[in-house]
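What follows is a set of notes on a single structure, which appears directly below.
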Amino acid sequence: MKYGESVFVIEKEIISKDEIAFLIPQIYKLLHVRFGHRHWWPGDTRDEIMIGAILTQNTAWTNVEKAIKNLKKVDCLSLDRLASTSRSELEKMIRPSGYFRQKAERLMNFARIVLDYPDGPDAFFHHSQNLDEIRDRLLNINGVGPETADSILLYAASFPSFVIDAYTFRIFTRMALYDGKKDYMKLQKLITDNLELDLDLYRDYHAQLVELGKRYCRNRRPVCDTCPLNELCPKKGA
DNA sequence: GTCCTGAGCA
DNA sequence: TGCTCAGGAC
């Protein structure tokens, strides 16, 4: 490297509002070109998506798939069937997803709360309410944190609530768009402030970030040379 | 700090 | 075969 060249390579300390406003939609465009439209969430029904959202907490999706398969086998991929299963049976079936005792308890508790909601689950998620109202109701359920709540809202209940996860923190930190301290609402606001409010865009953007985080922007040994965001990333190769 | 598994790698 | 690792909520 020639003397002085590093000036252009060194990570920028400050990124202007205009740069952020350009980069956040641009990142999506590049990911979409590389990966194509993702059909997310993997799951057919609202119940299945909600169950998957709880099972995948701090867990790789491949492990969740095994649990889902076990539940499907005995037709337990719905809240009402779940609520009428014995705890020990449920624990056995969801064991591959990890934290099986915690998750069994959380699933049964979640199912009961949603099923027992006045006028039922449809009323719980009815679009006549505002997003924050339902979000708060979800967050008040034991075992439902911000990521799980937003996953349920976005993919199961069709509310435009942007999902932030470990991949999102990692990618946006490496892209120098975020300061690195894990503040869920702060990163969510940064992204949504610079993105068109659109259900399908929110769904696909998060899906694209998951794909990037798994295949390129990995925690260890990131694959920067062929990363679709390579030319935009100040950390490439680092 | 605690709760857990399966993939990946030596 | 035995280790480390990745991954949310409380």
Side-chain angles (χ1 to χ4, degrees), chain A residues 38 40-43 48-73 76-77 79 82 85 87-114 132 134-157 161-174 178 180-191 202-203 205-224 227 235:
Chain A
R38 319 295 303 157
W40 256 45
W41 176 293
E48 183 176 343
I49 294 168
M50 294 194 291
I51 292 165
I54 291 170
L55 288 176
T56 199
Q57 288 170 357
N58 217 32
T59 304
W61 185 255
T62 51
N63 296 11
V64 179
E65 277 178 331
K66 298 170 204 293
I68 299 258
K69 202 176 150 194
N70 291 338
L71 291 169
K72 210 165 211 166
K73 239 186 297 184
C76 266
L77 268 179
L79 295 188
L82 211 62
T85 311
R87 174 81 133 266
S88 60
E89 275 307 304
L90 184 56
E91 287 182 0
K92 265 183 231 163
M93 291 189 283
I94 67 169
R95 187 156 191 157
S97 75
Y99 310 101
F100 60 95
R101 283 174 254 262
Q102 265 191 11
K103 285 176 182 176
E105 178 169 9
R106 288 175 181 181
L107 278 173
M108 299 194 82
N109 180 248
F110 178 86
R112 210 158 284 128
I113 288 174
V114 174
D132 289 331
I134 308 179
R135 193 172 190 274
D136 285 341
R137 200 150 61 226
L138 285 167
L139 290 173
N140 278 326
I141 301 175
N142 181 268
V144 178
E147 182 182 339
T148 307
D150 288 333
S151 298
I152 289 171
L153 286 165
L154 186 60
Y155 294 105
S161 205
F162 200 92
V163 176
I164 304 297
D165 65 354
Y167 299 124
T168 317
F169 277 113
R170 188 159 69 230
I171 292 162
F172 276 72
T173 302
R174 285 182 177 159
Y178 184 72
K181 190 185 166 224
K182 283 199 177 164
D183 182 334
Y184 189 100
M185 297 311 287
K186 190 180 169 189
L187 182 52
Q188 188 188 51
K189 185 175 177 354
L190 177 78
I191 294 174
Y202 279 22
R203 283 177 168 172
Y205 202 147
H206 176 248
Q208 301 287 352
L209 292 173
V210 170
E211 197 65 14
L212 185 79
K214 286 203 283 212
R215 285 167 52 180
Y216 295 91
C217 205
R218 307 185 299 202
N219 204 341
R220 297 282 168 126
R221 300 185 294 109
V223 184
C224 296
C227 175
K235 293 252 195 245

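Not measured: the values here are computed from a predicted model.
- The separation between Ile94(A) atom CD1 and dT5(B) atom C1' is 12 Å, rounded to whole Å.
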Readout for nucleotides 2-10 of chain C: B = base within 4.0 Å of protein heavy atom, S = sugar-phosphate only, - = neither; 5' to 3' it is ---SSBBSS
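- When all heavy atoms of Ala67(A) and Ile94(A) are compared, the closest pair comes out as CB-CA, 3.7 Å.
- Between Lys66(A) and dC4(B) there is no side-chain polar atom (N or O) within less than 4.0 angstrom of OP1 or OP2.
- Around the CD atom of Glu105(A), the shell of radius 6.0 Å holds no more than 12 heavy atoms that belong to other residues, nucleotides or ligands.
- Glu65(A) places its CD atom 10 Å from the P atom of dA7(B), with the value rounded to the nearest Å.
- Panel note: side chain Thr173(A), backbone Ile171(A); no donor-acceptor pair is recorded below 3.5 Å.
- For dC4(B), the OP1/OP2 oxygens have no side-chain nitrogen or oxygen of Arg95(A) closer than 4.0 Å.
- Under the 30°/60° scheme for interplanar angles, the aromatic rings of Tyr155(A) and Trp40(A) are found to stand perpendicular.
- Side chains of Thr56(A) and Ser97(A) form no contact here, defined as non-hydrogen atoms less than 4.5 Å apart.
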Quick one: which protein N/O atoms are closer than 3.5 Å to N/O atoms of nucleotides 8-10 of chain B? Pair and distance per line, please.
from: dC9(B); atom 1: OP1; to: Arg221(A); atom 2: NH2; distance (Å): 3.3

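- Below 30°, between 30° and 60°, or above 60°: for Tyr184(A) and Phe169(A) the angle between ring planes is above 60°, a perpendicular geometry.
- Atom CZ of Arg218(A) and atom CZ of Arg170(A) lie 10.0 Å apart (nearest 0.5 Å).
- The pair Arg101(A)-Glu91(A) fails the salt-bridge criterion, with no side-chain N (NZ, NE, NH1 or NH2) lying under 4.0 Å from an Asp/Glu carboxylate O.
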